[in-house]
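Everything below concerns the one structure shown next.
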Amino acid sequence: LVDSEPLPRPLPWARLDPDVFANAARFDGLGYSAPTDELALFHFFDGWNSNLPGDEVQRFVKPIYEGIDLFEALYDGDAREVRDLLERSRRPPAQTRRDCRYLSDSATGVALQPF
């Protein structure tokens, strides 16, 4: 602390709506179901850990965007091409929602292990 003034109270946290702040459907369980025009953010997993060649990541990647450089296509593509790429991640709405606060198995073959 720089001085004796109390720290401000932190803002309340809330879960981001996955139909407004969406993830590309590159991995199981991701995507969105809202109209594409309603997206505020589209995370498309560009980076060394998501695009790592070989089995470490690629065995979990769905072929939906195979052979496409999403960074280049989304930033350099025309509006129609971008919309078509976003639409590939659109999924039917979930019929039921699950409480995932205590989930220990994602049912994708990847289990969470305690430290």
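Bear in mind the structure is a predicted one, so any value in this text is a computation, not a measurement. The analysis underlying the following values was restricted to heavy atoms, covering all of them including side chains, and did not include hydrogens, waters or symmetry mates.
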*Indicate the atoms forming the closest heavy-atom contact of Ile68 with Ala73, along with that distance.*
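Of all heavy-atom pairs spanning Ile68 and Ala73, the closest is CG2-CB, 4.2 Å.
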_Give me the atom names and distance for the closest heavy-atom approach of Ser89 to Ile64._
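Shortest heavy-atom contact: N-CD1, 4.2 Å.
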*Only counting residues at least two apart or in another chain, list the ones meeting ring-ring contact (aromatic ring centres under 6.0 Å, His included) with Phe71.*
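Here the qualifying residues are Tyr75.
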*Looking only at atom types and distance, does a side-chain atom of Arg26 sit under 3.5 Å from a main-chain N or O of Phe45, one as donor and one as acceptor?*
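Present.
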_Keeping Asp19 on the side-chain end and Ser33 on the backbone end, is there a donor-acceptor pair under 3.5 Å?_
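Yes.
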For [X], give me all partners under side-chain hydrogen bond (donor to acceptor under 3.5 Å, both in side chains), at least two apart in sequence or on another chain.
X	result
Arg83	Asp37
Thr36	Tyr32, Glu87
Glu66	none

Who passes side-chain contact (heavy atoms from CB on, under 4.5 Å) against [X], sequence neighbours left out?
X	answer
Leu74	Phe42, Phe44, Leu70, Val82, Leu85, Leu86
Ala40	Val20, Phe21
Pro35	Glu38, Arg90
Asp84	Arg80

